[in-house]
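Just below is one structure, and these are the notes that go with it.
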Amino acid sequence: MTEIHRFTQGSVPVLVSMPHIGTALMPGLADRLSDAALPLGDTDWHLPRLYDFLDELGCSRLEACHSRFVVDLNRPPDDAPLYAGATTGLIPDILFDGTPAYRPGAGPDAAERAQRLETYWRPYHAKLEAELDRLVATHGGAVLLDAHSIRGIVPRLFEGRLPDFNIGTADGKSCAPDLARRVLDILGAAPGYTAILNGRFKGGHITRHYGDPSRGRHAVQLELVQATYMDETAPYAFRPDLAAGVRPHLRRFVEMLVAWAQG
């Protein structure tokens, strides 16, 4: 059986969450997904490879193993909408582009939805909560980076092309203003790339729920355009030539998070 998540405990007060990198499917699910969904194109591909410096910097890491088509770990358990307009839910029944995710009549019923929540969603969030508690208890505070990536053009979700770096702090609620400013300063100054703070992506459930500066928890979401490091069409190949350009900026960004958290 595929493990629910992978966790590596670090030595600094920074936790990096990657809730959408998983590609494992629960038994029998592949036979029920539509032909459009089966390539798992809405995955946040290759992020561990792109952020290959996290262990060197001493960050804790929490990585999903199962696909967001099993359950979306960045949605609230009651499936309340996070954004006005088009989005996808806790257990997505459509792709980002609106295409059905399941073959006709093959979607999950209420009992299966509840079972997926208990089996896959709750363990990830229990570990996330426990590690943040440990970091705050050990260091006096913690920074959570929720790392994501997405195609640069998804007309159903947003107009035009996204900026390369989409920084979300729940409109300033999930972290200290000074931290948000420093993030934008670093990523906004990256030559050849574009950045925005609290634009189309302001932070999902993880950023909004766990970011609580009054408790010493500061959360930042980064939604990175995939064209900065990979091919956005199947088979979604990692592009070392592109990654070599963007990775130094990501490293400086995470180095700043570590220095800020330790300070």
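- Evaluation of the ring-ring contact (aromatic ring centres under 6.0 Å, His included) rule for Y124 yields no partner, not counting sequence neighbours.
- The closest donor-acceptor contact from the side chain of T228 to the backbone of V225 lies under 3.5 Å.
- Take R181 and apply the salt bridge (Lys or Arg N to Asp or Glu O under 4.0 Å) test, not counting sequence neighbours, and it matches D178, D185.
- Of the possible donor and acceptor atoms, none in the side chain of E3 sits under 3.5 Å from a partner among the backbone N and O of C65.
- Defined by atom type and a distance below 3.5 Å, a donor-acceptor pair is missing between the side-chain atoms of D55 and T8.
- Residue pairs meeting the salt bridge (Lys or Arg N to Asp or Glu O under 4.0 Å) criterion with at least one member in residues 98-108, sequence neighbours excluded: D35-R103.
- Under a 3.5 Å cut-off, the side chain of T119 and the backbone N or O of R116 do not form any donor-acceptor pair.
- Using modelled atom types, no side-chain atom of K127 and backbone atom of P123 make a donor-acceptor pair closer than 3.5 Å.
- Side-chain atoms of D44 and H148 include a donor-acceptor pair closer than 3.5 Å.
- W45 pairs by the ring-ring contact (aromatic ring centres under 6.0 Å, His included) definition with Y236, not counting sequence neighbours.
- Partners of S60 under the side-chain hydrogen bond (donor to acceptor under 3.5 Å, both in side chains) rule, at least two apart in sequence or in another chain, are E131.
- Residues passing the side-chain hydrogen bond (donor to acceptor under 3.5 Å, both in side chains) test with T23, sequence neighbours excluded: none.
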